[in-house]
Amino acid sequence: MRAGVDLGGTKIQVVVTAKGARVVGQARRNTPLRGGPEVIVRDVVSTVREAAAAAGVDVGELQSVGVGAPGSIDTTTGTVIQVANVAGLDEPFPLGPAVAAELGVPVALGNDVSVAVEAERRYGAGRGYRSFLGVFWGTGVGGGLVVDGRLLLGRGSAGEIGHVCAKPGGRRCNCGLRGCVEAYAGRGALEARARREARKRKTVLFDLMRKRGRDQLTSGVWLRALDAGDLVARDLLREAVGALGVGIGSAVTLLDVEAVIVGGGLGERLGPTWLSRIEQAAREHTFFRETPVFKLAELGDMGGAIGASMLGSGPRSDHKVQTYADGPSARMR
Ligand SMILES: [Zn+2]
């Protein structure tokens, strides 16, 4: 059995998987908002222990622990270089060795989106395709590519569909560039835009948010607003779909992938209707008459953790990972 950790800005999700990526135990908690990297390590470690207990195993019996984190990762040293949205990980930190030292189990690190794409490739909607583009539509817009049956890494970060330009000179993105897909489609950008719109137009978005006891516009809030016929929600999501269409259509034209797999909080919540809208929007920017198959991701919000549990699992792994049983040593490839 292996453990996988999906370390995100809002939650730490851990699964313990058996053969075939079958989930046999899980645990989750909120990501600590203060306290720095030591507190994150402490909470990751205790969530792994909890998940192991739920699976009925001792942590020491785990073959490995994989951690998927957002942002750029140095997989050779197990260091997170720059992590978006996780408070306390804005500076480089040797997360892999730190977690390994606490648990006494080999730890491998990977990018959260890459591991989720790899999980969809092996066990989810990507099964049977030699090539596909994975798009994770949530707070940001993440992406990953499978080409010729393997995760395409490029120089380490290939597949950043969220930062493909949808509109030259357009809105400023969190990354510093202008006109990125994410600047129109990311849930963070959508919320910022909705707050401005709310001063001018009537919208139920923020009433729904408060009614549900939330402090931000979750994917569920967006869905309910659409169901209530909210025009601000509809207009902003249409614009988001337009931007996604430009990015995805361009990527398809360049790579001629067999499938496009859409996941993430918004992708999942908005479901098949909006998936087909994305497909239509992408069609307008695709060179080929025949567009690829558009599918929803199958592994849901556990996909990241399941993918992380596969880090370094055997010769079929496409991840360049290293484990840290006693500091950076044995390369698992
Ligand atoms: Zn950007």
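Counting starts at 1 for both ligands and their atoms, following the listed order. Just so it is clear, the model here is predicted, and its values are computed rather than measured. We use all heavy atoms of the structure for the numbers below, so side chains are in, but hydrogens, waters and symmetry mates are not.
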Exercise. Should D230 and K202 count as an ion pair when the cut-off is N to O under 4.0 Å?
Worked result: no
Exercise. Heavy-atom distance under 4.5 Å between the side chains of R127 and E298, does that happen here?
Worked result: yes
Problem set entry | Pairing of R42 and E38 as salt bridge, 4.0 angstrom limit | no
Exercise. Salt bridge or not for E239 and R193, using N-O below 4.0 Å?
Worked result: yes
For this session: Output every pair passing side-chain hydrogen bond (donor to acceptor under 3.5 Å, both in side chains) with a member in residues 265-276, not counting sequence neighbours, ordered by first then second residue.
Result: none
For this session: Could you give me a count of protein N/O/S atoms that are under 2.8 Å from the Zn ion (ligand 1)?
Result: 4
For this session: Using a 4.5 Å cut-off on heavy atoms from C-beta on, say whether the side chain of S131 contacts that of V146.
Result: no
